[in-house]
Amino acid sequence: MGLLENIKEPNDIKQYDVEDWDALAGEIRNFLLEHVSKTGGHLASNLGCVELTMALHLVLDLPQDKIIWDVGHQSYTHKILTGRQERFDTLRQLGGMSGFPKQVESETDVFETGHSSTSISAAIGMAKANELKGNSGTIVAVIGDGSFTGGLAYEALNNLARLKSSCMIVLNDNEMSIDENVGGMSRYLNKLRVGQVYNGVKSGVEKGLLNIPGIGEGFAKVIKRGKDSIKELLVPGMFFEDLGITYIGPIDGHNIGQMVDTFQSAIRLKRPVVVHVKTIKGKGYRYAKRHPQYFHGVAPFDLKTGKALIKKTKMTNTDVFSRKLLALGEEYPNLVAITAAMASGTGLEKFANVYPNRFFDVGIAEQHAVVFAAGLAKEGMIPVVAVYSSFLQRAYDQILHDVCLQNLHVIFALDRSGLVGEDGATHQGIFDMAYLSHIPNMTILAPKNRYELTKAMEFAMSYQGPIAVKYSRGNAFYGLREHLEPIEYGKSETLFDGEGVAVIAVGNMVEEAYKAYEILLERKKNITLVNARFLKPLDEESLRKLASRHHTIITVEEQVFTGGFGQAVSAFYMRNHITDITVKNIAIEDRFVEHGKVEDLRRILKLDADSIVEAVEESL
């Protein structure tokens, strides 16, 4: 019987003695590899923080003590140690266990996360609540060095020193986020990694002085006044302690005993402490260690070879965007590309390789990325901000205040717009139409297939003003190639002219609507199918014509209904007193969408071809 089999509940790890810890860590790694290779998931980050998680569970008393996992994709070992082993076969599957912390799964998942840099703020809030209520529990935030490039982390650190209770920030430093870390904080941490000499000297001197009878304590107080100059000499910057936060480290993130001792000492201080822990991403699996970016979020793979089980056969929308941007870079010498720590995920790596001086990775700092783009645009550059739809939410105010208010020519390439699948509620890109469409000066394009995506990028380059081009995750749609009218500002595209019912589909939903159209055609039902193309502005002329020739208009979009395209169409007809027509909106109701395969989620949400057929037939 393995050691892991005896862990059924939180704190069960404490039954094991020191000599069992390394063996247990090995079992956990094998467990992760066996299961993630079958289900897919975030592998490299979880392999890297096995011992770190074990040390926290050995020191803390859960759930009275609380761990907040920044981003949360590194919480797999935490889930194992809190009794969720049997659910790992369902990891990221529809109705199964989430790849991120979920309160419905366990009371030890105290704060739901998915985006970065939020953990310290949440930890301060929980620690302050403990102070106000007189509770004695310890609050711990585990945050990666990549997340330290996010501005929210600095805002939180600026307030951390005000706490008077135990709050431990564990800086999990693996020198890696999704992409290589960039910026000043990365350079600062590189300096700290060689700064162990200070901690060793400081500890040795203090212990030695305090052991001198009579004069030791007083002498220690005298020289303590000069400690700042010593720190500055041995550890450049002293960023954390200058903020009034005790700093310890760096320590070995794979030495459980050292971490246990350090965490216990930090908690006993009863004040805010940053413990700098050095880990290796992908530890224990040579392919993940060698290629941490690839194994950051990986599909099911062959454990022996590390190769994906499902071969990529088609270009993705990201691939299409990547190729087109490279071509546009040659045509437009003032084109620059910006991303927020996801050059590989957004397809900007090729552009960066060819035009390194025109590519900017600002780190996990979407707000800065947008205002930086505004500054570039102000001086005549054409910035393309490529970012995932759900992450651009973080820069809403900057889009409104710094780009749209000044009507600047900034192109937003919204990757992962629509359902993204297994990453779940925090990553579904179903809100971008709602948070962009009501901003004055903003134009929104949603191309129907890979060919229109390239044309949309060409249009965006020649357009003057803020413009968003949104496209979905996954394989690009190759269909309807023969239907490719030139893109004219604010104009939709009628793909098939029928009668009775007109279906207006948005972006990636054109593919599903086209499937529905073909099914209906086989049933001798000839409807009109329209590619919305422009979500803002609305093609009002087309909407009037459709209303004059059809009794029902059905809009289809992979977005939330409130603030969506369908609601805008309904409002247009109401505002213009066009009442002799029925408008139906197929969209996502007021809810968050959990994890699962996109095709399963579409079926459940009634966004698939069969649901469109059903809606049309009801209308007919």
Side-chain angles (χ1 to χ4, degrees), residues 49 52 55-56 67-71 116-128 138-175 177 181-203 205-206 224-253 258-259 261-279 363-365:
C49 69
L52 166 57
L56 287 172
I67 307 173
I68 303 164
W69 302 93
D70 202 276
V71 183
S116 79
S117 314
T118 63
S119 61
I120 303 177
S121 295
I124 295 172
M126 290 184 175
K128 178 56 68 175
T138 297
I139 308 298
V140 178
V142 182
I143 180 169
D145 52 320
S147 293
F148 258 90
T149 62
L152 183 57
Y154 296 102
E155 295 177 28
L157 286 172
N158 192 45
N159 285 275
L160 181 59
R162 296 182 182 182
L163 284 176
K164 297 178 177 63
S165 57
S166 180
C167 183
M168 183 168 67
I169 310 302
V170 178
L171 171 55
N172 178 22
D173 180 4
N174 55 32
E175 303 182 58
S177 53
N181 291 328
V182 296
M185 177 52 76
S186 178
R187 288 192 297 273
Y188 172 74
L189 291 175
N190 283 330
K191 291 179 181 179
L192 285 182
R193 289 174 190 124
V194 296
Q196 285 130 316
V197 62
Y198 163 73
N199 294 290
V201 171
K202 178 177 182 290
S203 177
V205 170
E206 287 182 353
K224 193 173 183 179
R225 286 195 290 268
K227 72 175 184 176
D228 288 341
S229 60
I230 298 173
K231 287 179 181 180
E232 290 294 339
L233 175 65
L234 295 172
V235 184
M238 290 312 303
F239 175 75
F240 299 106
E241 299 220 12
D242 284 345
L243 289 172
I245 306 163
T246 300
Y247 168 85
I248 302 172
I251 61 173
D252 183 357
Q258 185 184 19
M259 283 188 289
D261 291 343
T262 303
F263 293 159
Q264 287 174 335
S265 298
I267 292 169
R268 282 196 294 268
L269 292 174
K270 297 294 182 184
R271 62 174 183 264
V273 179
V274 170
V275 181
H276 185 179
V277 177
K278 193 76 174 65
T279 61
I364 303 175

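Annotation: side chain of Leu157 is in contact with side chain of Phe239 (closest heavy-atom distance under 4.5 Å). Inter-residue side-chain proximity for Leu152 and Ser121 is flagged as met; some heavy-atom pair is nearer than 4.5 Å. Within the 4.5 Å cutoff, no side-chain heavy atoms of Ile245 are placed close to those of Tyr247. The closest side-chain heavy-atom distance from Leu163 to Lys128 is below 4.5 Å. By the 4.5 Å heavy-atom criterion applied to side chains, Leu160 and Leu243 are not counted as neighbours. No side-chain heavy atom of Phe263 sits under 4.5 Å from any side-chain heavy atom of Val273. Residues Met168 and Leu56 meet the side-chain proximity criterion, which asks for heavy atoms closer than 4.5 Å.
Nearest heavy-atom pair, Ser147 versus Val71, reported as atom, atom and distance to 0.1 Å: OG-CG2, 3.8 Å. Closest non-hydrogen pair, Ile124 versus Ala156, comes out as CD1-O, 3.2 Å. When all heavy atoms are compared, the tightest approach of Ala266 to Val275 is CB-CG2, 4.0 Å. Considering all non-hydrogen atoms of both residues, Thr149 and Ala365 come closest at O-CB, 3.9 Å.
Qualifying side-chain hydrogen bond (donor to acceptor under 3.5 Å, both in side chains) partners for Thr118, counting only residues two or more places apart in sequence or in other chains: none. With sequence neighbours excluded, the residues that form a side-chain hydrogen bond (donor to acceptor under 3.5 Å, both in side chains) with Ser119 are Asp70.
Taken from CG in Asp145 to NE2 in His276, the straight-line distance is 7.0 Å, to the nearest 0.5 Å.
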